[in-house]
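Start at 1 with the first residue, then count along the sequence. For clarity, every value in this text was computed on a predicted model and none was experimentally measured.
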Amino acid sequence: MFETKLLQEAINHLRASMFSYLATVDGDRPNLRVMRTAEVDDDGTIWYVLHRSSPKMKEIMANNKVCVVAWANGLNLRIWGTATVATPKEASVHFDPEFINVFPEGVKHPEFAMIKVTPTEIDLKHIEG
């Protein structure tokens, strides 16, 4: 699907950055926010933890097309893809204990939700400055 070198560089970049930007669509306008990246799989799937009742969850349920942006050290990464709500089993596997103070019951917390972003397109630019 993706060139191996490009995919690996994107994965390494996301794993090195604790935060990335997640863009969703709110009606007829984009909505962008900083998110803590929970995990990035070897196939490029990106995992985020969020509150079930958050605006971003409602936006994803209405339109699951998203864009993830990360920038650091002269690398500008954009990943377009689709966001889906993780199953309880997936959430259990990908839950990061760093979120335990936000969700004390972990994946069983009533407000806990996890989404996975499956990349469909990757753009990585090296910006010399």
Side-chain angles (χ1 to χ4, degrees):
M1 178 175 195
F2 301 109
E3 178 200 333
T4 304
K5 183 179 177 189
L6 175 66
L7 178 61
Q8 192 58 57
E9 194 169 359
I11 290 167
N12 292 343
H13 187 55
L14 280 170
R15 286 178 177 166
S17 305
M18 182 179 283
F19 296 97
S20 57
Y21 294 88
L22 176 67
T24 56
V25 178
D26 180 14
D28 64 349
R29 67 184 185 141
N31 198 0
L32 181 69
R33 77 273 291 158
V34 176
M35 299 280 293
R36 185 179 182 293
T37 309
E39 189 174 351
V40 183
D41 289 344
D42 290 339
D43 66 357
T45 302
I46 307 160
W47 300 84
Y48 293 105
V49 171
L50 48 96
H51 286 83
R52 189 166 299 284
S53 62
S54 70
K56 63 190 143 300
M57 178 64 98
K58 291 175 186 151
E59 293 162 7
I60 288 167
M61 297 308 289
N63 181 343
N64 72 343
K65 302 294 187 224
V66 298
C67 183
V68 173
V69 177
W71 185 90
N73 303 320
L75 290 177
N76 183 29
L77 172 66
R78 290 183 301 166
I79 297 175
W80 292 270
T82 56
T84 54
V85 179
T87 66
K89 183 178 179 180
E90 289 172 324
S92 293
V93 169
H94 296 280
F95 182 74
D96 184 339
E98 293 281 325
F99 291 102
I100 205 71
N101 53 346
V102 178
F103 300 104
E105 298 94 16
V107 297
K108 295 184 189 282
H109 191 283
E111 270 296 301
F112 174 85
M114 181 172 262
I115 60 164
K116 62 180 177 178
V117 175
T118 304
T120 56
E121 186 178 345
I122 298 173
D123 180 51
L124 182 63
K125 292 196 175 19
H126 297 265
I127 300 170
E128 303 298 322

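In this structure, Val93 is not a member of the same hydrophobic cluster as Val107, with clusters built from ILVMFWY side-chain heavy atoms closer than 4.5 Å. Linking Ile, Leu, Val, Met, Phe, Trp and Tyr whenever their side-chain heavy atoms come within less than 4.5 Å leaves Val25 and Tyr48 in two separate clusters. Note on Val34 and Val69: same hydrophobic cluster, where clusters join Ile, Leu, Val, Met, Phe, Trp and Tyr whose side-chain heavy atoms are under 4.5 Å apart, directly or indirectly.
You'll find the side chain of Asn12 stays beyond 4.5 Å of the side chain of Glu9, heavy atoms only. Taking 4.5 Å as the limit, every side-chain heavy atom of Asp41 sits out of range of all side-chain heavy atoms of Lys116. Residues Ile122 and Leu77 have side chains in contact (heavy-atom distance under 4.5 Å, counting atoms from C-beta outward). At least one side-chain heavy atom of Arg33 sits less than 4.5 Å from a side-chain heavy atom of Thr24. You'll find the side chain of Pro110 stays beyond 4.5 Å of the side chain of Arg52, heavy atoms only. At a threshold of 4.5 Å between non-hydrogen side-chain atoms, the residues Val68 and Leu14 count as touching.
Listed here is the closest heavy atom pair of Gly81 and Thr120: CA-OG1, 3.6 Å. The shortest non-hydrogen separation linking Met114 to Val49 is CE-CG2, 3.4 Å. The nearest pair of heavy atoms linking Ala70 to His13 is O-NE2, 3.4 Å. Taking both residues in full, the closest heavy atoms of Ala91 and Ala86 are given as N-CB, 4.3 Å, listed atom of the first, atom of the second, then distance. Taking all atoms of both residues into account, the shortest heavy-atom contact from Pro119 to Gly44 is CG-O, 3.2 Å.
Remark: aromatic rings of Phe95 and Phe112 are close, center separation under 6.0 Å.
From Leu22, atom CG reaches atom CD1 of Ile79 across 11.0 Å, with rounding to the nearest 0.5 Å. The structure places NZ of Lys56 at 11.5 Å from CG of Leu32, a figure rounded to the nearest 0.5 Å. Separation of atoms CD (Glu39) and OG1 (Thr45) is listed at 10.0 Å; rounding is to 0.5 Å. Taking CG from Leu124 and CG from Leu7, the interatomic distance works out to 11.0 Å, rounded to the nearest 0.5 Å.
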Run the side-chain donor-acceptor check on residues 60-67: report pairs under 3.5 Å with partners two or more places apart or on a different chain.
unit_1	atom_1	unit_2	atom_2	d
Asn63	OD1	Lys65	N	3.0

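Sorted by first and then second residue, the pairs that involve residues 70-81 and meet side-chain hydrogen bond (donor to acceptor under 3.5 Å, both in side chains), not counting sequence neighbours, are Arg78-Asp123.
Annotation for Tyr21: atom OH does not count as buried by contact number, only 12 or fewer foreign heavy atoms lying within 6.0 Å.
The main-chain N or O of Ser53 is found under 3.5 Å from a side-chain atom of Glu111 such that the two form a donor-acceptor pair.
Between the side chains of Thr37 and Arg15, no donor-acceptor pair is found at a separation under 3.5 Å.
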